[in-house]
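Inspection log for the structure reproduced underneath, given as structure tokens.
FYI, side chains are in, hydrogens and waters are out, and symmetry mates aren't considered; it's all heavy atoms of this structure. Sequential numbering from 1 along the given sequence is applied to the chain's residues. Values in this document were obtained by computation on a predicted structure and should not be read as measured data.
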Amino acid sequence: MAETYYVLKINYLDRPAETRNVKEQITVVGRDQGDIILGDTQASGRHAEIHFVNGRVTVKDLGSTNGVIYNGTRVPQFAVSPGQSFVCGQTTLTLMSVHGGPKAAFGGGKTMISMGAPPMPGRPPSMGAPGSLGSLGGAPGGRPPMAVGAPAGSPGLGAPASAGPAPGAPPPGAPPAGLGGPPPSGGVPAGLGGPPAGGLGGPPPGGLGGGPAPGAPAPMAPMPSNPPAPTNSPLVGGPQPAGGGMAPAGGVPATYDPNTPIRPEFQGTGGELLVTYLVGLLLTMITFGIYAPWFAVKLRKFQYDNTTIKGIAGGNMQMAFTGTGGELFVRGLVGYLLTLITFGIYAPWFICNLIDYFAEGTTFTKADGTQFRLNFKGKGGELFVTFLVGMILTMITFGIYAPWFAVKLQKWINNNIEIYENGNELVGQADFVGTGGELFVVQLVGMLLTMITFGIYFPWFQVNLVKFNTHNTRINVKGRTIVPKFTGTGGELFVEFLVGYLLTLVTLGIYSPWWAVKLMKFNINNLSFEDVGQSAIGAGGAAGQLRA
């Protein structure tokens, strides 16, 4: 049975913010007493209690001097939904997500496409935006097989990360892992989301960490179940009560501006990531790399727990990752050994297993309790044929066919992704409409300009690859087509990369977590989702046609 707990983020006044997984039924919050010590002079000694019963989180004021502020009002007792905050004294506490309760029971708490993949231990993150499917780490021989939404430059599907180099110590002149460079001549496609081989990519561990990478399409976001707003979009709007205002229970806004874009927002800090980095790297080194899968999962959880999708009908949507390091270790070890034993023939099955792991471990929960999960129905046998033909044509053409190979792989992956709402209702699927010819031009121009400028053009090349993959991704849900958009620029990425690289070198790697967070924010906060109208599947017929 899945473990039951909730994730609480505490923004302290005098020290870095902290994210806790809380299992206890009653947690006391206070200035200098209780389970959560705020150290806040405006808070009372025993300020409030947080109750966790049957997956429901409620807050009770213990007669504090300044009260508990919820939605701008002092309230003695109230229920909190994921994505909502309350204030004790001058300290803000935010419920990030709830795991294992009644509302998360369907599908084992598994959901939607993940937003990125975990970074490689000890390296700065790569371009990654939320919404990616998960990744498959490295392929036999230390090279990632293919990228299913891996962050920039990394064709990896987000497989178990390897121990990797020491934190924050990229070789001089080389871009940090995950920021990647042009895809290898093998033409591995990028995907719906997974960390680059060894890259923190968008949502890290997963998360967040990987995101669009060169040649990787943008992430997908689950669709809410509310009726369409004036724009007919399944994402924005929703039923509006007479007079507007706030919805009663939980304080979820009941009215939304149809013109407000759907955007993911990452709010993690380098200070929070520093502890995870130090502990993870130390344990990975002590265990000679065995701890790497657990480290990768912790990084992904950090990214997801700090990512919220805003502008959704019915309230914000909170991401979470429920996968475990043990499961990733087993899948990675078995897949890696079988791939070696079969001289690479098992690689397509290995890739499918890893995509499935990251997809199933990702959950998206709306403030009204609606959850979405992703199902990957692709089989290794099908991928084997696509992979074999693509590899042969790529070798025969001396690498020229690589972009077409990458696009075929991406399209195959997207077409095997189904979106389920509340466990068993099939509401949509993904698609990819980019062409090999378009990708060929983007790669050719990008590689030439990168060489001519001695690497200076690389950030622009990276962003162009991300945009190609993001803007060619389609999410068909409930008869509507949603298109991800990426608005980051090469100039912005150049500055982030230059400053982060220099500060990481000057601080001997200590600045690495802050750099990773900066890149996560660049990749995630520059994403948005646009409803472009009727899907090819047909209004209202998505679920029926997919079931057929």
What are the two closest non-hydrogen atoms of [X] and [Y], and how far apart are they?
X	Y	result
Phe468	Asn472	O-ND2, 2.7 Å
Met319	Thr362	CE-CG2, 4.3 Å
Pro513	Gly270	CB-O, 3.7 Å
Pro264	Thr307	CB-CG2, 4.4 Å
Lys521	Gly268	CE-O, 3.5 Å
Asp14	Gly39	OD2-O, 4.1 Å

I would like to know whether Val22 and Ile50 meet side chain to side chain contact (heavy atoms under 4.5 Å, CB included); could you show each step before the answer?
CA-CA 10 Å; Val22 185; Ile50 303 175; over 6 Å; no
Within the 4.5 Å heavy-atom criterion, are [X] and [Y] side-chain neighbours or not?
X	Y	value
Val29	Leu38	yes
Tyr6	Thr27	yes
Pro484	Ile475	yes
Asn469	Lys467	no
Leu95	Gln84	no
Thr308	Met317	no
Tyr12	Ile36	yes
Phe432	Leu409	no

Does [X] have any side chain to side chain donor-acceptor pair (under 3.5 Å) partners at least two apart in sequence or in another chain, and if so, which?
X	result
Thr94	Ser85
Thr58	none
Thr91	Asp40
Tyr291	none

Taking atom [atom1] of [X] and atom [atom2] of [Y], what is their separation to the nearest 0.5 Å?
X	Y	atom1	atom2	value
Asn523	Leu493	CG	CG	7.5 Å
Thr365	Gln318	OG1	CD	8.0 Å
Ile413	Asp431	CD1	CG	13.0 Å
Leu273	Phe302	CG	CZ	4.5 Å
Trp460	Leu465	CH2	CG	14.5 Å
Phe529	Arg263	CZ	CZ	10.0 Å

Of all residues at least two apart in sequence or in a different chain, which pass the salt bridge (Lys or Arg N to Asp or Glu O under 4.0 Å) check with Glu18?
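Glu18 satisfies salt bridge (Lys or Arg N to Asp or Glu O under 4.0 Å) with Arg20 once adjacent residues are dropped.
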Under the salt bridge (Lys or Arg N to Asp or Glu O under 4.0 Å) test, residues paired with Glu272 that sit two or more places apart
Lys9
Quick one: do Lys518 and Glu496 make a salt bridge, cutoff under 4.0 Å?
no
Answer yes or no: is there a donor N or O on one side and an acceptor on the other, between the side chain of [X] and the main chain of [Y], under 3.5 Å?
X	Y	value
Lys301	Phe321	yes
Asn422	Gln371	yes
Asp305	Val7	no

Begin from the C-alpha positions of Glu421 and Thr370 and carry the test side chain to side chain contact (heavy atoms under 4.5 Å, CB included) through to its verdict.
CA-CA 7 Å; Glu421 180 179 343; Thr370 303; 3.7 Å; yes
Given Met96 and Leu8, is the side chain to side chain contact (heavy atoms under 4.5 Å, CB included) satisfied, shown in steps?
CA-CA 6 Å; Met96 305 301 292; Leu8 187 70; over 6 Å; no
Please state whether the rings of Tyr277 and Phe295 are parallel, tilted or perpendicular, taking 30° and 60° as the class boundaries.
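Aromatic pair Tyr277/Phe295 classed perpendicular.
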Take Asn476 and Thr481, measure what side-chain hydrogen bond (donor to acceptor under 3.5 Å, both in side chains) needs, and give me the verdict at the end.
CA-CA 5 Å; Asn476 301 309; Thr481 295; 3.0 Å; yes
Under 3.5 Å side-chain donor-acceptor pair for Thr489 and Glu492
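Yes, a side-chain donor-acceptor pair sits under 3.5 Å.
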Would His99 and Ser97 count as having a side-chain donor-acceptor pair, cut-off 3.5 Å?
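Their side chains do contain a donor-acceptor pair, which is all the 3.5 Å distance test asks for.
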Would you say the rings of Phe486 and Phe522 are close, in the sense that their centroids are separated by under 6.0 Å?
yes
Please confirm whether the ring centroid of Tyr70 lies under 6.0 Å from the ring centroid of Phe86.
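No, the ring of Tyr70 stays outside the 6.0 Å limit from the ring of Phe86, centre to centre.
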If you apply the rule side chain to side chain contact (heavy atoms under 4.5 Å, CB included), what do you find for Thr473 with Val483, and how did you get there?
CA-CA 6 Å; Thr473 294; Val483 179; over 6 Å; no
Tyr357 ring centre to Arg331 NZ or CZ under 6.0 Å, with the angle to the axis within 45°?
no
